[in-house]
Amino acid sequence: MRILVVTAVPAERDAVLGGGAVPGVDGVPDAGADARAVSGVDAVAAGVGPAAAAAGTAAALARTAYDLVVSAGIGGGFAGAAPVGSLVVADRILAADLGAETADGFLPIDELGFGTGVFDVDPDLVERIAKAARGTVLDVAVGAVLTVSTVTGSAARAAELTRRHPRAAAEAMEGFGVATAAHAAGVPFCELRAISNPVGPRDRDAWRIPDALRALGVAAAAILPELREERA
Ligand SMILES: O=C(O)c1cccc(C(=O)CC[C@H]2O[C@@H](n3cnc4c(=O)[nH]cnc43)[C@H](O)[C@@H]2O)c1
């Protein structure tokens, strides 16, 4: 059975396929072209943001039949839920800024009656992924992963997102796009985020991108073979 992994950038794609070796840090060249494969797993770097993620996923699904689509990459972790170096497995993928601002606050697209900004991930899939990942990285959290078009850069915005989504464990920029394309094609999907930075006030010194890529790689090396076998 075939799995499609969709990342934003080539470094994430190569980390997923490299089992924890980090391109450009551990002597692994960052290969650059969009698509890469290991047995049963194709990985594509589709670009940053939900639109690029949806377009890249839809294009890959139009070329090849897959049984599962995995949105994978680094992300920001919410305080108390996902520390830097941990892995978040999404049980819910939601578009946190898809909606309308009103005098009474933000209205999600679901409440506006224009479709949905929420996808739930198959609970059995979530459990299998979390089980496979435990012990490979610092910590594994299961929770909601928010898709945003603007990286959170203030304590006020982080607090607002936490108030609106108390189960939020991570934020990133692609999961909802990947899930939208996979759902439209009738293919199961999930999302994995290795935490590179806390969600909150902007602090570039706090980013731990090589550590997060390493965590993403070692977790993926445990998760993907397990899923590939289970779905065979
Ligand atoms: O300039 C900044 O302050 C800043 C802080 C964190 C991340 C960025 C990015 O441009 C990276 C976007 C890229 O990485 C994923 N990512 C990683 N951390 C976060 C985050 O805290 N919030 C949202 N996305 C994050 C994201 O999925 C993109 O692929 C800039």
Side-chain angles (χ1 to χ4, degrees), residues 4-16 22-25 30 32 34 43-57 69-90 92-98 117 119 121 137-139 141 143-162 164-165 167-182 189-217 219-220:
L4 172 66
V5 178
V6 182
T7 69
V9 296
E12 293 170 322
R13 177 203 60 205
D14 295 347
V16 165
V22 179
V25 172
D30 188 336
D34 283 351
V44 60
V48 171
T57 304
V69 180
V70 182
S71 171
I74 62 172
F78 282 91
V84 170
S86 66
L87 182 82
V88 174
V89 181
R92 173 166 282 195
I93 298 169
L94 56 92
D97 48 21
L98 187 59
F119 288 110
V121 182
V137 294
L138 179 71
D139 191 22
V145 176
L146 311 187
T147 300
V148 294
S149 292
T150 303
V151 174
T152 296
S154 68
R157 177 68 177 160
E160 168 66 8
L161 289 173
T162 304
R164 278 177 22 212
H165 307 290
R167 294 190 60 262
E171 76 164 34
M173 303 176 84
E174 293 81 24
F176 186 75
V178 173
T180 298
F189 53 83
C190 59
E191 181 171 9
L192 309 173
R193 290 288 157 183
I195 302 306
S196 55
N197 57 277
V199 175
R202 190 168 191 229
D203 176 11
R204 294 192 73 126
D205 292 341
W207 297 359
R208 296 287 177 271
I209 291 176
D211 291 347
L213 290 174
R214 224 171 256 118
L216 182 65

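Just follow the structure's listing: the first ligand is 1, and inside any ligand the first atom is 1.
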Worksheet item: Which of these passes side-chain contact (heavy atoms from CB on, under 4.5 Å) with Ile93: Leu146, Thr180, Val178, Thr147?
Response: Thr147

Worksheet item: For atom 11 (C) of ligand 1, is some protein heavy-atom partner under 4.0 Å away?
Response: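 Protein heavy atoms within 4.0 Å of atom 11 (C) of ligand 1 - there are none.
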
Item to complete: Identify which of Arg202, Glu171, Glu174, Arg204 has a heavy atom lying nearest to atom 27 (O) of ligand 1.
Response: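 Going through Arg202, Glu171, Glu174, Arg204 one by one, Glu174 has the nearest heavy atom to atom 27 (O) of ligand 1.
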
Worksheet item: Counting heavy atoms only, which of Asn197, Thr147, Val148 is nearest atom 18 (N) of ligand 1?
Response: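 It is Asn197 whose heavy atom sits nearest to atom 18 (N) of ligand 1.
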
Which protein heavy atom lies closest to [atom], and at what distance to 0.1 Å?
{"atom": "atom 4 (C) of ligand 1", "value": "Trp207 CZ2, 2.9 Å"}
{"atom": "atom 19 (C) of ligand 1", "value": "Gly76 N, 3.5 Å"}
{"atom": "atom 13 (C) of ligand 1", "value": "Met173 SD, 4.3 Å"}
{"atom": "atom 14 (O) of ligand 1", "value": "Ile74 CG1, 3.8 Å"}

Item to complete: Examine distances only and state if a side-chain atom of Asp97 and a backbone atom of Ser149 form a donor-acceptor pair shorter than 3.5 Å.
Response: yes

Worksheet item: Does ligand 1 have a heavy atom under 4.0 Å from the side chain of Ala8, from its backbone, from both, or from neither?
Response: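 It is the side chain that gets close, since no backbone atom is under 4.0 Å.
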
Fill in: Mode of Arg193 contact toward ligand 1 - side chain, backbone, both, neither (heavy atoms, under 4.0 Å)
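Only the side chain of Arg193 comes within reach of ligand 1.
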
Worksheet item: At the 4.0 Å heavy-atom cut-off, does Gly75 count as touching ligand 1?
Response: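 A heavy atom of Gly75 does come that close to ligand 1.
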
Practice prompt. Determine whether any heavy atom of Val151 lies closer than 4.0 Å to an atom of ligand 1.
Written response: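 Per 4.0 Å heavy-atom rule, Val151 contacts ligand 1.
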
How close do [X] and [Y] get, counting heavy atoms only, and between which atoms?
{"X": "Gly200", "Y": "Ala158", "result": "CA-CB, 4.1 Å"}
{"X": "Glu174", "Y": "Ser71", "result": "C-OG, 4.3 Å"}
{"X": "Ile74", "Y": "Glu12", "result": "N-OE2, 2.9 Å"}
{"X": "Val148", "Y": "Pro50", "result": "O-CD, 4.4 Å"}
{"X": "Ile195", "Y": "Ala170", "result": "CD1-CB, 3.9 Å"}

Practice prompt. Among Glu171, Arg202, Arg157, Glu160, find the residue that satisfies the side-chain hydrogen bond (donor to acceptor under 3.5 Å, both in side chains) test when tested with Thr152.
Written response: Glu171

